[in-house]
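Within every chain, numbering begins at 1; the chains are lettered A, B, ... in the order of the sequence lines, protein sequences first and strands thereafter.
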Number of protein chains: 2
Amino acid sequence: MSLRHILLGILQQPKSGYDIKKMFDQVFNNFWGAELSQIYPQLRKLTDANMLTVQEEPSDKGPNKKIYHTTPAGKEELVQWLLSGPVTNTEKLAYLAQTYFLGSLDNNQQRLEFLEDLLEHLKIWHQTLLDVQQDMRQHFPDYPHGLPDEEFYPNLTLMLGVKKVGAKVEWAQESIELLKARM
Amino acid sequence: MSLRHILLGILQQPKSGYDIKKMFDQVFNNFWGAELSQIYPQLRKLTDANMLTVQEEPSDKGPNKKIYHTTPAGKEELVQWLLSGPVTNTEKLAYLAQTYFLGSLDNNQQRLEFLEDLLEHLKIWHQTLLDVQQDMRQHFPDYPHGLPDEEFYPNLTLMLGVKKVGAKVEWAQESIELLKARM
DNA sequence: CTTGACTATGTAATTATTTACATAGTAAAC
DNA sequence: GTTTACTATGTAAATAATTACATAGTCAAG
């Protein structure tokens, strides 16, 4: 049940459900995702549990925003989650399972197409991450250890994001070469 | 609903539910996991859908095994899944979300402990992957492009596994250095 | 003046996943 | 001889997550 805690983390800085969704899509895309249909009910649960308070605000566009703030109880819940140690769930990357079974396609052209599709997807994903990091670098051009807390820890996850996606793009490229060498 | 297709993939070589579980834990640990309580009901569904057939066999230890085999319909279902293109679900790594919010702990020692715990976990995980790969290399010492299909594609996923976990271990190590520089 | 893109919040139904429980045989160590 | 570790199969209950649906306001382009 990590979503609950992630929402508390995000809401250290007050936001609406819709804002939170944008955060998942842009900043967290490398390690977490959630739909609005998950976010809204969870925000309600947390509010009922007195971990969040709501405050309505007019929006620039569209209907009123409901801005959620963390209560001290909410902050304490977040801290306890962090103190409980790293939560290490099993990764689920269906495309790697597909790659594993690619031998079940008897047409080599189809196998190549699969890997090329994958490479393209991974490159697009990489681009989003790089954009986010460049944005952050514009605001804070220092070496990372000089950043203030609110930027240092997010920056750590971006560092891994770039490494991880880099490894995947490299791998997909190499796999395509290997596959071509087999044709 | 990927588990269904992953089971069909695994059962290109007949196995029992228990054998499948070991496969997830050992070979697939880098990209998929499933509990026995997910595997058994799913095997039943696939059998009811005529995608699998069962055959009982005595076990070396414990009660009889139920060996599952794929039917032509099952094979076709698997091929269609592969032809539908890469399935790219969003990653969910709670420990990276925790890292992102680590600034909410005001004790720097606790933050360091968190990252050290994580590094230890990632190293252990890496070791499992390397063990599996060394095992595979013993059987097939060739360059990967010379491997037969049944080994070539699984080997591709291992190649990424090693890269990925390598990147994570590197990152955790670097993060600890950066954190120490901040203390 | 209407369509499309985007902001904004939510519910309902279905599916998937996890956790806990329940059973039972083998085989070696103590 | 009994505890521990492992093999082997499953069910039940609770949670979590996805997908589809439903509503409504703003604003710009055509």
Side-chain angles (χ1 to χ4, degrees), chain A residues 1-8 10-11 14-26 28-29 31-49 52 54-68 81 87-94 97, chain B residues 1-8 10-11 14-26 28-29 31-49 52 54-68 81 87-94 97:
Chain A
M1 202 176 52
S2 296
L3 180 60
R4 174 191 176 88
H5 296 107
I6 293 174
L7 292 181
L8 289 172
I10 291 173
L11 291 173
K15 279 179 182 57
S16 72
Y18 199 76
D19 292 338
I20 290 170
K21 171 60 173 162
K22 277 188 281 188
M23 201 133 177
F24 278 122
D25 292 345
Q26 289 162 25
F28 285 31
N29 69 30
F31 55 85
W32 203 273
E35 294 305 313
L36 285 168
S37 55
Q38 267 183 284
I39 295 167
Y40 287 125
Q42 198 57 244
L43 287 173
R44 186 171 183 169
K45 272 193 196 174
L46 284 166
T47 307
D48 290 348
L52 297 178
V54 203
Q55 197 185 317
E56 272 199 48
E57 256 185 42
S59 167
D60 293 348
K61 269 185 168 187
N64 278 357
K65 284 181 167 218
K66 288 191 183 175
I67 306 292
Y68 290 87
W81 183 53
V87 174
T88 53
N89 18 28
T90 72
E91 292 194 45
K92 300 215 166 165
L93 298 174
Chain B
M1 203 173 54
S2 296
L3 181 60
R4 174 192 175 87
H5 296 106
I6 293 174
L7 291 180
L8 288 172
I10 291 174
L11 292 172
K15 279 178 183 56
S16 72
Y18 200 76
D19 292 339
I20 291 170
K21 171 62 173 160
K22 278 189 281 188
M23 202 128 179
F24 278 122
D25 292 345
Q26 290 161 25
F28 285 32
N29 68 33
F31 56 85
W32 205 272
E35 295 305 315
L36 284 167
S37 54
Q38 266 182 284
I39 295 166
Y40 287 126
Q42 197 59 244
L43 287 173
R44 187 172 181 170
K45 270 192 196 174
L46 284 166
T47 308
D48 290 349
L52 297 177
V54 202
Q55 196 183 320
E56 271 198 52
E57 256 186 41
S59 166
D60 294 348
K61 269 185 166 186
N64 278 358
K65 286 178 167 220
K66 288 191 183 173
I67 306 292
Y68 290 87
W81 184 53
V87 174
T88 54
N89 15 28
T90 72
E91 292 194 45
K92 300 217 165 164
L93 298 174

Inset, instruction - Summarise how protein sits on nucleotides 16-23 of chain C as a single string, 5' to 3': B when a protein heavy atom is under 4.0 Å from the base, S for sugar-phosphate-only contact, - for no contact. - result: SSBBB---
Inset, instruction - With rounding to the nearest 0.5 Å, note down the distance linking CG in B/D25 to CD1 in B/I20. - result: 12.0 Å
Legend entry - Listed partners of A/Y68 passing ring-ring contact (aromatic ring centres under 6.0 Å, His included), at least two apart: none
Inset, instruction - Quick one: pull up CZ in A/F24 and CG in A/L7 and give me the separation to the nearest 0.5 Å. - result: 5.5 Å
Inset, instruction - Grab the CG-C1' distance between A/N89 and D/dA16 for me, whole Å please. - result: 13 Å
Legend entry - Integer-rounded Å distance: C/dG10 C1' and A/E56 CD: 13 Å
Inset, instruction - For A/I6 and D/dA16, give me the distance from atom CD1 to atom P, rounded to whole Å. - result: 12 Å
Legend entry - Close side-chain approach of B/K92 to A/K92, heavy-atom, < 4.5 Å: no
Indicate every side-chain donor-acceptor pair of residues 36-48 of chain A with a distance under 3.5 Å to a residue at least two apart or in another chain.
unit_1	atom_1	unit_2	atom_2	d
A/Q38	OE1	A/E35	N	3.3
A/T47	OG1	A/L43	O	2.7

Could you go through nucleotides 5-9 of chain D and list every protein N or O atom that sits under 3.5 Å from one of its N or O atoms, giving the distance for each pair?
unit_1	atom_1	unit_2	atom_2	d
D/dT7	OP2	B/Y18	OH	3.3
D/dA8	OP1	B/S59	OG	2.4
D/dT9	OP1	B/K66	N	2.9
D/dT9	OP2	B/Y18	N	2.9
D/dT9	OP2	B/Y40	OH	3.0
D/dT9	O5'	B/Y40	OH	3.4

Inset, instruction - Show the numbers, then the answer: is there a side chain to side chain contact (heavy atoms under 4.5 Å, CB included) between A/D19 and A/I10? - result: CA-CA 10 Å; A/D19 292 338; A/I10 291 173; over 6 Å; no
Legend entry - Inter-residue atom distance A/Q55.CD - A/L52.CG, 0.5 Å rounding: 13.0 Å
Inset, instruction - Apply the test side chain to side chain contact (heavy atoms under 4.5 Å, CB included) to residues B/W81 and B/V87: give CA-CA distance (whole Å), side-chain angles for both, the deciding distance (0.1 Å), then the verdict. - result: CA-CA 9 Å; B/W81 184 53; B/V87 174; 3.7 Å; yes
Inset, instruction - For residues A/S2 and A/W32, determine if any side-chain heavy atom of one lies less than 4.5 Å from a side-chain heavy atom of the other. - result: yes
Inset, instruction - Tell me, please, which residues at least two apart from B/N64 pass side-chain contact (heavy atoms from CB on, under 4.5 Å). - result: B/E56, B/P58
Legend entry - Degree of bending, the helix from C/dC1-D/dG30 to C/dC30-D/dG1 (end axes from five pairs; round to 10°): 20°
